[in-house]
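None of the values given here were measured: they were computed from a predicted structure.
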Amino acid sequence: VSPDGSRLASAGEDRTIKIWDTSDWRLRTTLTGHTSTVNDLAFNSDGTRLVSAGDDRMVRVWDVNRGHEILALRGHVGPVFGVAFSPDGRHVASAGDAVKIWDARESFERTVLAGHTAPVNGVAFSPNSRLIATCSADRTVIIWDAITGLKQRTLRNHRASLESVAFHPTRPLLVSG
């Protein structure tokens, strides 16, 4: 759902992304470009951009208003399972075989976060864009410094693979599951 609640994005095995208007639930746009299942979607903070992650090893950034692709970010060697925009809009994080941080305006990889021992399924930025949390099939959550890329803390004790992670928007809380 877009930050203002006016749009809903959906995607899946049909390789398309659909943008729905939540006022009348009409389909507004269908975005095409992925060549395999689309695994995750995330809007930027003003709802004008959408980032997508796919089994085709691609991360794509879309202009939601115009209905076209802006960036195709290549670099993953396997499926991409999770994506997030930084709240300040400057970066995109993608999770799969590795965690990659991209410049959201250009198509270059800024850094790679290495530390998980299994595929990374989820990624999230903190509300102030200073931290990144990742979760993995290795049953851990890692908190990273978004500027330096340095590992800050590893959270253990989950009993199964983790699929998603999210920061609370106003309180110092992190959820994972």
Query - Thr48: side chain to side chain donor-acceptor pair (under 3.5 Å) partners, not counting sequence neighbours - result: Asn44, Asp46

Report task. Mind checking side chain to side chain donor-acceptor pair (under 3.5 Å) for Thr140 and listing every partner two or more places apart, or none if nothing turns up? Result -> His116, Asp138

Query - Ile147: side chain to side chain contact (heavy atoms under 4.5 Å, CB included) partners, not counting sequence neighbours - result: Asp145

Report summary line: Across all chains, not counting sequence neighbours, the side chain to side chain donor-acceptor pair (under 3.5 Å) partners of Arg7 are Asn65

Side chains of residues 76-83: which donor-acceptor pairs under 3.5 Å do they make with residues two or more places apart or in other chains?
{"unit_1": "His76", "atom_1": "ND1", "unit_2": "Asp97", "atom_2": "OD1", "d": "2.9"}
{"unit_1": "His76", "atom_1": "NE2", "unit_2": "Ser94", "atom_2": "OG", "d": "2.7"}

Query - Pairing residues for Glu13 by the side chain to side chain contact (heavy atoms under 4.5 Å, CB included) criterion, not counting sequence neighbours - result: Thr37

Requested in this report: Report the residues that fulfil side chain to side chain contact (heavy atoms under 4.5 Å, CB included) with Val1, sequence neighbours left out, ordered by chain and then residue number.
Outcome: Leu8

Query raised in the report: Got a sec, which hydrophobics cluster with Val38, joining ILVMFWY side chains under 4.5 Å apart, including via others?
Result: Ile17, Ile19, Leu31, Leu41, Phe43, Leu50, Trp62, Val64

Report summary line: Hits for side chain to side chain contact (heavy atoms under 4.5 Å, CB included) against Leu71, two or more places apart or cross-chain, chain-then-number order -> Val61, Leu73, Ser107

Query raised in the report: Using a side-chain heavy atom cutoff under 4.5 Å and only I, L, V, M, F, W and Y, what cluster partners does Met58 have?
Result: none

Query raised in the report: Side-chain contact, heavy-atom cut-off 4.5 Å: Ser176 with His158?
Result: yes

Requested in this report: Output all residues satisfying side chain to side chain donor-acceptor pair (under 3.5 Å) with Arg90, sequence neighbours left out; order by chain, then residue number.
Outcome: none

Query raised in the report: When clusters are formed from ILVMFWY side-chain contacts under 4.5 Å, directly or step by step, what else is grouped with Val141?
Result: Leu131, Ile143, Leu155, Leu162, Val165, Phe167, Leu174

Report task. Give a yes or no answer on whether the side chain of Glu106 reaches the backbone of Ala104 with a donor-acceptor pair at less than 3.5 Å. Result -> no

